[in-house]
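Values below: every heavy atom of this structure, side chains too, minus hydrogens, waters and symmetry copies. Ligands are counted one by one from 1 in listed order, and the atoms in each one are counted from 1 as well.
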Amino acid sequence: MVQVTQFTSVDSKRKRTILVTGGAGFIGANFIRTWLDAEEASVVNLDKLTYAGNLDNLHGLDRTRIEFVQGDIGDVSLVKGLLDRVRPRAIVNFAAESHVDRSIHGPDDFIATNVVGTFRLLECVREYWQRMDASERETFRFVHVSTDEVYGSLLADEVPFRETSAFQPNSPYAASKASSDHLMRAWHHTYALPIITTNCSNNYGPFQFPEKLIPLMIQNALDGKPLPVYGDGLQIRDWLYVEDHCAAIRAVLRAGKPGSTYNIGGESEKTNIEVVHAICDILEEECPQAAKQSYRNQIAFVKDRPGHDRRYAIDASKIRHELEWRPIQSFESGLRNTVRWYVANRAWTARILSGSYRDWIQTNYSAR
Ligand code: NAD
Ligand code: TYD
């Protein structure tokens, strides 16, 4: 795959440009891809390129409409200079450390980026926004992309999370995202900065780093390796296809109410073992093994994640009613697309697997 380096577009419609942070990661890259198809405005993508950032994810896109800047959302002089040069009419903040297991093994980076980095970005944006003229200030938006994990864990018989549910984060990752959400709320309340926060359930789809459940299972199955299911595998997640999440964020940018939060989810609750079985079944159709061996034979129950949240579920009725958003993909169709994508793009995964990913697999799975 060709490495995309610095894009050097000069955007003639600067005022309409949006700034995306973390656009070389899983959701950010899908967002940029779908944005360029759906909208006219150009994108500037600020990404630090941590282990999870990958410019292969943006391969093949129209370079006249995206500019890539490598940098940290917490680098105040870089962010200020970028805002002054690009003058974006909106910012969508995806940049974060995003993996719960990594946050358990080493929370530092989560506090540095998700809390301190987000705070610094927010302050730069506040200063930029306050210098705008009144009409620009009116239409400017800052969308902060967050997670349902801020709400903690649900019991089997509890109603799904609403925007009014209490924050009860349980992992270092969830606590760091909850902190950033609180900053968003306060900066809107105190300074009237037009911020909208989205809290989305588990995403899956193309370009997801293979440390997360679905791509990890597909990859291990294809490689003939064990499929490590934590604990009893009966934890529940509410899965949403990534392009449906991206469409929801576009709807929020277009018509979301400043100061609001929106829950986004697929209303598609599955236990982890159901997800793994579904992956195995699709692989059996798409990539049958010799002698009709079942991929399910590779499933291995391993020691549970500490503090593992039992169930997440999202009530997405607010965004459905206010913004008329609804997911297009069912879990079945989205999962099939995803499996097919990973089967067809093994070179993408191979490049990741050859790097520091191997050290992570050793750290997370050797003692289980
Ligand atoms: P990801 O880990 O795949 O990508 C994160 C991106 O942010 C990477 O490109 C990385 O290089 C970049 N980044 C990290 N620290 C940075 C910094 N200090 N400055 C600039 N860039 C930095 O994550 P993802 O799964 O795409 O998630 C994106 C956002 O969506 C996160 O904020 C996450 O909390 C949220 N979210 C994710 C899910 C999910 O299921 N993946 C669900 C709901 C919400
Ligand atoms: P993950 O993709 O890490 O997302 P999150 O923890 O943010 O929900 O994990 C999804 C679920 O899958 C979660 O309950 C943990 C479980 N899981 C496994 O059982 N085995 C694995 O190897 C991984 C990575 C996750």
Subject >> Salt-bridge criterion met for Arg85 and Glu67 (N-O under 4.0 Å) >> reply: yes
Original post:
Taking the six-membered ring for Trp, is the centroid-to-centroid distance between Phe331 and Tyr204 below 6.0 Å?
Top reply: yes
Original post:
Any salt bridge between Arg340 and Glu286, counting N to O under 4.0 Å?
Top reply: yes
Original post:
Got a salt bridge between Glu322 and Lys257, using NZ or NE/NH1/NH2 to carboxylate O under 4.0 Å?
Top reply: no
Subject >> Check ion pair Asp84-Arg131 (N to O, under 4.0 angstrom) >> reply: yes
Original post:
Looking at Glu211 and Arg102, does any basic side-chain N land under 4.0 Å from a carboxylate oxygen?
Top reply: yes
Subject >> Ion pair Arg296/Asp281, N-O distance below 4.0 Å >> reply: yes
Per-pair distances, ligand 1 N/O vs protein N/O, less than 3.5 Å:
residue	atom	partner	partner atom	Å
ligand 1	2 (O)	Ser98	OG	2.7
ligand 1	3 (O)	Phe26	N	3.1
ligand 1	9 (O)	Gly25	N	2.9
ligand 1	9 (O)	Asp47	OD1	3.2
ligand 1	9 (O)	Asp47	OD2	2.6
ligand 1	11 (O)	Asp47	OD1	2.6
ligand 1	11 (O)	Leu49	N	3.4
ligand 1	11 (O)	Thr50	N	3.0
ligand 1	11 (O)	Thr50	OG1	3.1
ligand 1	18 (N)	Asp72	OD1	3.0
ligand 1	18 (N)	Thr113	OG1	3.0
ligand 1	19 (N)	Ile73	N	3.0
ligand 1	21 (N)	Lys48	N	3.1
ligand 1	23 (O)	Ser98	OG	3.2
ligand 1	26 (O)	Phe26	N	3.3
ligand 1	26 (O)	Ile27	N	2.7
ligand 1	32 (O)	Phe94	O	3.2
ligand 1	32 (O)	Val145	O	3.4
ligand 1	32 (O)	Lys177	NZ	2.6
ligand 1	34 (O)	Tyr173	OH	2.7
ligand 1	34 (O)	Lys177	NZ	3.2
ligand 1	40 (O)	Asn203	N	2.9

Subject >> Atom NZ of Lys225: over 12 foreign heavy atoms under 6.0 Å >> reply: no
**OP:** Using a strict cut-off of less than 4.0 Å between a Lys/Arg side-chain nitrogen and an Asp/Glu carboxylate oxygen, indicate whether Arg310 and Asp232 qualify as a salt bridge.
**Re:** yes
When you pair each N or O of ligand 2 with protein N or O atoms, which pairs come out under 3.5 Å?
residue	atom	partner	partner atom	Å
ligand 2	2 (O)	Leu213	N	2.9
ligand 2	3 (O)	Arg305	NH2	3.1
ligand 2	4 (O)	Asn202	ND2	3.3
ligand 2	6 (O)	Arg305	NH1	2.5
ligand 2	6 (O)	Arg305	NH2	3.2
ligand 2	7 (O)	Glu149	OE2	2.5
ligand 2	8 (O)	Asn202	ND2	2.9
ligand 2	8 (O)	Arg237	NE	2.8
ligand 2	12 (O)	Asn272	ND2	3.4
ligand 2	14 (O)	Arg237	NH2	3.1
ligand 2	14 (O)	Asn272	ND2	2.9
ligand 2	14 (O)	His308	NE2	2.7
ligand 2	19 (O)	Tyr230	N	2.9
ligand 2	20 (N)	Pro228	O	2.7
ligand 2	22 (O)	Pro228	O	3.3
ligand 2	22 (O)	Tyr365	OH	2.6

